[in-house]
Amino acid sequence: MLIMLLGPPGAGKGTQAEFLVKNYNLAYISTGEILRSAVKKGTPLGLKAKQYMEEGQLVPDDVVVGIVKERLADPDCRQGALLDGFPRTVAQAQSLDQVLNDLGCKLDAVIHMAVEEEELIARLTGRRVCRDCGATYHIKFNPPKVRNVCDQCGGELSQREDDSLATVTERLAVYKKQTEPLIDYYRQQNLLHTIDGNQDIDAIAAQISAVLDKLSQ
Ligand code: ADP
Ligand code: AMP
């Protein structure tokens with residue numbers, strides 16, 4: 001099963017992914033996470049990506065396509081994978097089609113999570129992420145049991161640099177212009193399943209599960 005989560009920054013893709021990869025035994029491919037880890041380690045990839053990410057812009061297509069192509073060839077992806085935050089442009093989607101074609105597989109579903117802009121801003125500016133395991137929280141909507149401490153590993157929570165109000169505004173504009181056209185791209189391929197992402201976390205998880213359960217029947 002190869003599934004993609006499509007939606008604006010803050011839609012809840014990472015939050016749902018945590019549950020989906022466990023329940024459906026999928027390899028997790030988040031280009032944002034791979035890039036953040038490269039920036040943190042100061043690798044050549046990280047040095048290339050850093051400025052784009054800080055400014056809320058997209059990293060060039062060839063760079064992210066290269067990352068995903070390599071990752072999809074990993075053995076753990078054979079049983080199935082969940083793409084989060086990739087593709088983000090029509091050019092990336094076309095490259096993905098080519099890569100999957102070469103690997104002899106295809107996307108099974110695109111889960112599009114639609115959320116109102118005001119809600120996205122509230123979610124992103126209140127997001128906190130574990131420095132150690134990457135688990136995602138929200139100061140109001142999904143707080144940890146102990147303030148600033150990860151429930152899962154005890155790590156310290158921090159705010160992503162690109163979750164400041166100014167960068168969030170830019171990222172939402174970039175989504176509208178460069179990523180939203182993918183909704184039509186995947187609708188035309190009959191792969192699109194739109195979920196109301198304004199609901200609470202468990203309700204969204206239940207609706208995504210219903211889509212995936214139907215696919216695997
Ligand atoms: P994305 O990966 O799409 O950018 P995240 O999963 O990181 O989004 O979620 C963004 C923020 O919103 C996080 O702080 C998360 O805890 C919170 N969040 C996620 N889903 C919901 C929801 N359904 N209702 C309220 N807050 C949510
Ligand atoms: P995310 O964690 O998905 O919110 O991504 C964080 C940042 O990483 C984005 O704002 C981009 O700068 C970069 N990024 C992640 N995925 C992609 C992608 N598919 N294409 C281009 N840039 C990306």
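Everything numeric in this text was worked out from a predicted model, so none of it was measured.
- Q217 and D213 form no side-chain donor-acceptor contact under 3.5 Å, judged by distance and modelled atom types alone.
- At least one side-chain heavy atom of T136 sits less than 4.5 Å from a side-chain heavy atom of R127.
- Residues D132 and C150 have side chains not in contact (no heavy-atom distance under 4.5 Å, counting atoms from C-beta outward).
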Begin from the C-alpha positions of I29 and C77 and carry the test side chain to side chain contact (heavy atoms under 4.5 Å, CB included) through to its verdict.
CA-CA 9 Å; I29 308 181; C77 291; 4.0 Å; yes
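- Put simply, NZ on K69 and CG on L100 are 11.5 Å apart, with the number rounded to the nearest 0.5 Å.
- Taken to the nearest 0.5 Å, the CD atom of Q16 stands 8.0 Å off from the OG atom of S209.
- The structure places CG of L191 at 9.5 Å from OH of Y185, a figure rounded to the nearest 0.5 Å.
- Considering CG of N142 and CG of D151, their distance stands at 8.5 Å, rounded to 0.5 Å.
- Looking at heavy atoms from C-beta onward, L82 lies out of side-chain contact with Y24 at the 4.5 angstrom threshold.
- Of all the heavy atoms in Y137 and P143, the pair that sits closest is CD2-C, 4.2 Å.
- Heavy atoms of other residues, nucleotides or ligands lying less than 6.0 angstrom from CD of Q57 number more than 12.
- Side chain of K140 to backbone of R123: no donor-acceptor contact under 3.5 angstrom is found.
- Between the T179 side chain and the R88 main chain, a donor and an acceptor come within less than 3.5 Å of each other.
- Other members of the cluster containing L120 are V115, I121, L124, L165, V168, L172, with ILVMFWY side chains joined at under 4.5 Å, either directly or via other members.
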Evaluate the criterion side chain to side chain contact (heavy atoms under 4.5 Å, CB included) for residue pair I208 and I204; output intermediate values, then yes/no.
CA-CA 6 Å; I208 298 177; I204 298 167; 3.9 Å; yes
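- Salt-bridge annotation for D76 and R71: present, with a side-chain N of the basic residue lying under 4.0 Å from a carboxylate O of the acidic one.
- Looking only at distances, a side-chain donor or acceptor of S95 sits under 3.5 Å from a matching main-chain atom of A91.
- The backbone N or O of N25 lies less than 3.5 Å from a partner atom in the side chain of Q79, making a donor-acceptor pair.
- Closest approach of T125 and R128 over heavy atoms only: O-NH1, 3.7 Å.
- Hydrophobic clustering places L83 together with V64 (ILVMFWY residues linked when any side-chain heavy atoms are closer than 4.5 Å, directly or through intermediates).
- Under a hydrophobic-cluster definition in which Ile, Leu, Val, Met, Phe, Trp and Tyr are linked whenever side-chain heavy atoms come within less than 4.5 Å, directly or via other members, Y186 and I3 are assigned to different clusters.
- In this structure, I111 and V211 have side chains that are in contact, with non-hydrogen atoms separated by less than 4.5 Å.
- Classification of D163 and R171 as a salt-bridged pair holds, one side-chain N sitting under 4.0 Å from a carboxylate O.
- In this structure, I34 is a member of the same hydrophobic cluster as V65, with clusters built from ILVMFWY side-chain heavy atoms closer than 4.5 Å.
- Using a 4.5 Å heavy-atom threshold, the side chains of L96 and F86 count as touching.
- Within the 4.5 Å cutoff, side-chain heavy atoms of L45 are placed close to those of L35.
- Interatomic distance, M113 CE to D196 CG, rounded to the nearest 0.5 Å: 10.0 Å.
- For L215 against A109, the heavy-atom pair with the smallest separation is CD1-CB, 3.5 Å.
- Pairing each heavy atom of E180 with each of K176, the nearest pair is CB-O, 3.3 Å.
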Candidate pair K106 and Q189, rule side chain to side chain contact (heavy atoms under 4.5 Å, CB included), full reasoning:
CA-CA 11 Å; K106 58 171 188 55; Q189 295 190 13; over 6 Å; no
Take R36 and M53 through the side chain to side chain contact (heavy atoms under 4.5 Å, CB included) test and state the conclusion after the steps.
CA-CA 9 Å; R36 268 188 298 282; M53 295 174 76; 3.8 Å; yes
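- Side-chain contact between V59 and K48 is absent, with no heavy-atom pair separated by less than 4.5 Å.
- The cluster map of Ile, Leu, Val, Met, Phe, Trp and Tyr, joined by side-chain heavy atoms under 4.5 Å apart, puts L103 and L107 in the same cluster.
- Under a 3.5 Å cut-off, the side chain of H193 and the backbone N or O of L212 do not form any donor-acceptor pair.
- Under the 3.5 Å distance criterion, the side-chain polar atoms of T31 are matched with a main-chain donor or acceptor of G85.
- Hydrophobic cluster membership differs between F19 and I201, with clusters built from Ile, Leu, Val, Met, Phe, Trp and Tyr side chains linked at under 4.5 angstrom.
- Using a 4.5 Å heavy-atom threshold, the side chains of V90 and L182 count as touching.
- Evaluated for a side chain to side chain contact (heavy atoms under 4.5 Å, CB included) with L20, the options L5, T15, D84 yield exactly one hit, L5.
- In this structure, the side chain of Q92 does not engage the main chain of P60 through any donor-acceptor pair within 3.5 Å.
- Atom CD1 in I139 sits 8.0 Å away from atom CD in Q159 (nearest 0.5 Å).
- The minimum heavy-atom distance between A93 and P87, with the atom names listed, is N-CB, 3.5 Å.
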